[in-house]
Amino acid sequence: MTLDGATSTPAAPPAGALVAESSDRAFKADVIDASLQTPILVDFWAPWCGPCRQLTPALEKVVTEKNGAIRLIKINIDENPSIAGQLGIQSIPAVFAFAGGRPVDAFMGAIPESEVRRFADRVISQAPAAAPQPGSVDEQIANALAAAGEAFGAGDFAQAAEIYTLVLQHAPDNAKAILGLAQVYAKTGDLEQARAVLAELPEDARKGEDYLALSQALKLAAEAEGLSGAAALEAEVARDPDNHQARFDLAVVLNSQGQKVEAAEALIAIMRRDRAWNEDGARKKLLEFFEAWGPKDPATLKGRRMLSSLLFS
């Protein structure tokens, strides 16, 4: 893993690099290979084609507007008939979109500039993420994030935190690094710092299984902080087995202590005694636990079996 002081945000390419002529011979390099990094529109045209002369300026204008998010390659089919023939093009203008090394969309004939823009936007939004260039800062960051994930999975939280912090020094808005660092703090019990780091996550990255699990886990931990200790709550339940609030609070505290199955069992016990208590609050809280634990956690799997057995017995 190597990260230096370079920035991971390249300068916008000059307009001339966004529009280029190509040929049958250079098609693989200019279109197939290049589309692994940036979506490519291929304009098949000919000098004698009137509609081509209407469409090409619109294509060039839209591509230039996108400032590097998509590129345009123009191929004169009179001089380069091979690729057009392979694609089954029988009339021009014909525009094919390539992304991820393959054709993903196309249209035939001259269309208005507004439709060209919508077509380009659709291609950009559906294009797969570009693979980082070998040796680039993006590749170094990707490798670093993979190493941090391995360290986290192996329980080496100090190493994971060090790597995530290093990534954030070079890419402060990197969502994976922010989320990973917040997960490290949560795992090591520093919940206040976990919340502070998670708050830095960009709004558009606040989704997905890992984010929802961590967000829910921090919410549940905050609930537990204001409750009595497990021993005191267990004593209350022992004195009055129908004290559902005490048993509910006990479940929240047990969860915060990592006793997941015991927490689920406490909520199931409430449902056995009074399913309607607190507007079905025990079942709702159990579902929150499942979200915080994740769908593959053994406690989630066991908890779901217990819940199903209760509901359908």
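Note: hydrogens, waters and symmetry copies are ignored here, and every other heavy atom, side chains too, is used.
Minimum heavy-atom separation, R102 to S35: N-OG, 4.1 Å. The minimum heavy-atom distance between A99 and A127, with the atom names listed, is CB-CB, 4.0 Å. For K296 against L301, the heavy-atom pair with the smallest separation is O-CD1, 4.0 Å. Taking all atoms of both residues into account, the shortest heavy-atom contact from L41 to A97 is CD2-CB, 3.7 Å. The nearest pair of heavy atoms linking K260 to W293 is O-CH2, 3.3 Å. Taking both residues in full, the closest heavy atoms of S22 and A26 are given as OG-CB, 3.7 Å, listed atom of the first, atom of the second, then distance.
Cluster annotation: V123 is not connected to V31 through the hydrophobic network of ILVMFWY side chains, with a link wherever side-chain heavy atoms come within less than 4.5 Å. Neither L59 nor I40 shares a network with the other; the hydrophobic side chains, linked directly or stepwise wherever heavy atoms of I, L, V, M, F, W or Y lie under 4.5 Å apart, form separate groups for each. W277 and F289 fall within the same hydrophobic cluster, defined by Ile, Leu, Val, Met, Phe, Trp and Tyr side-chain heavy atoms under 4.5 Å apart, directly or through other members. Under the 4.5 Å side-chain heavy-atom criterion for ILVMFWY residues, no single connected hydrophobic cluster contains both F107 and I92. Following chains of ILVMFWY side-chain contacts shorter than 4.5 Å, one can reach I270 starting from V252, so the two form part of one hydrophobic cluster.
Side-chain contact check for Q86 and S82: at least one donor-acceptor pair (N or O, by modelled atom type) lies under 3.5 Å. Side chain to side chain, S228 and D249 fail the donor-acceptor criterion of an N or O pair below 3.5 Å.
Under the 3.5 Å distance criterion, the side-chain polar atoms of T188 are matched with a main-chain donor or acceptor of Y185. The main-chain N or O of D78 is found under 3.5 Å from a side-chain atom of N76 such that the two form a donor-acceptor pair. For the pair R53 (side chain) and P47 (backbone), a donor-acceptor distance under 3.5 Å is present. Under a 3.5 Å cut-off, the side chain of T38 and the backbone N or O of A69 do not form any donor-acceptor pair. The backbone N or O of A161 lies less than 3.5 Å from a partner atom in the side chain of T165, making a donor-acceptor pair. At least one donor-acceptor pair under 3.5 Å links the side chain of S125 to the backbone N or O of R122. Judged by distance alone, with hydrogens and angles left aside, the side-chain atoms of R206 form a donor-acceptor pair with the main-chain N or O of L201 at under 3.5 Å. Checked by atom type and distance alone, the side chain of D24 pairs as donor or acceptor with a backbone atom of I83 at under 3.5 Å.
The CG atom of L286 sits 5.5 Å away from atom CD1 of I268, with the distance rounded to the nearest 0.5 Å. Considering CG of L310 and CZ of R272, their distance stands at 6.0 Å, rounded to 0.5 Å. Interatomic distance, CD of Q159 versus OH of Y164, reported as 11.0 Å (0.5 Å rounding). Taking OG of S309 as the reference point, atom CZ of R304 lies at 15.0 Å (rounded to 0.5 Å). Here CG of L181 is found 10.5 Å from CG of L198. Values are rounded to the nearest 0.5 Å. Distance OG/S215 to OH/Y211: 4.0 Å, rounded to 0.5 Å.
By the 4.5 Å heavy-atom criterion applied to side chains, L191 and E225 are counted as neighbours. Counting heavy atoms from C-beta on, the side chains of V104 and F96 never come closer than 4.5 Å. Using a 4.5 Å cut-off on side-chain heavy atoms (C-beta onward), F98 and P103 make contact. Side chains of L55 and C49 form no contact here, defined as non-hydrogen atoms less than 4.5 Å apart. At a threshold of 4.5 Å between non-hydrogen side-chain atoms, the residues I141 and V167 count as touching. Considering only heavy atoms from C-beta on, N278 stays 4.5 Å or farther from H244 through its side chain.
Between R247 and E236 there is no salt bridge, since no side-chain N of the basic residue sits under 4.0 Å from a carboxylate O of the acidic one. Here D121 does not pair with R118 in a salt bridge; the nearest charged N to carboxylate O distance is not below 4.0 Å. K284 has no carboxylate O lying under 4.0 Å from a charged side-chain N of E288, or vice versa, which leaves the two without a salt bridge.
Applying the 6.0 Å contact sphere to NZ of K219 captures more than 12 heavy atoms from other residues, nucleotides or ligands. Other residues, nucleotides and ligands contribute only 12 or fewer heavy atoms inside 6.0 Å of the NZ atom of K176. More than 12 heavy atoms of other residues, nucleotides or ligands sit less than 6.0 Å from atom NZ of K66.
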### Query
After noting the C-alpha distance and the side-chain angles of N255 and Q259, does the key distance pass the side chain to side chain donor-acceptor pair (under 3.5 Å) rule?
CA-CA 5 Å; N255 173 67; Q259 296 175 262; over 6 Å; no
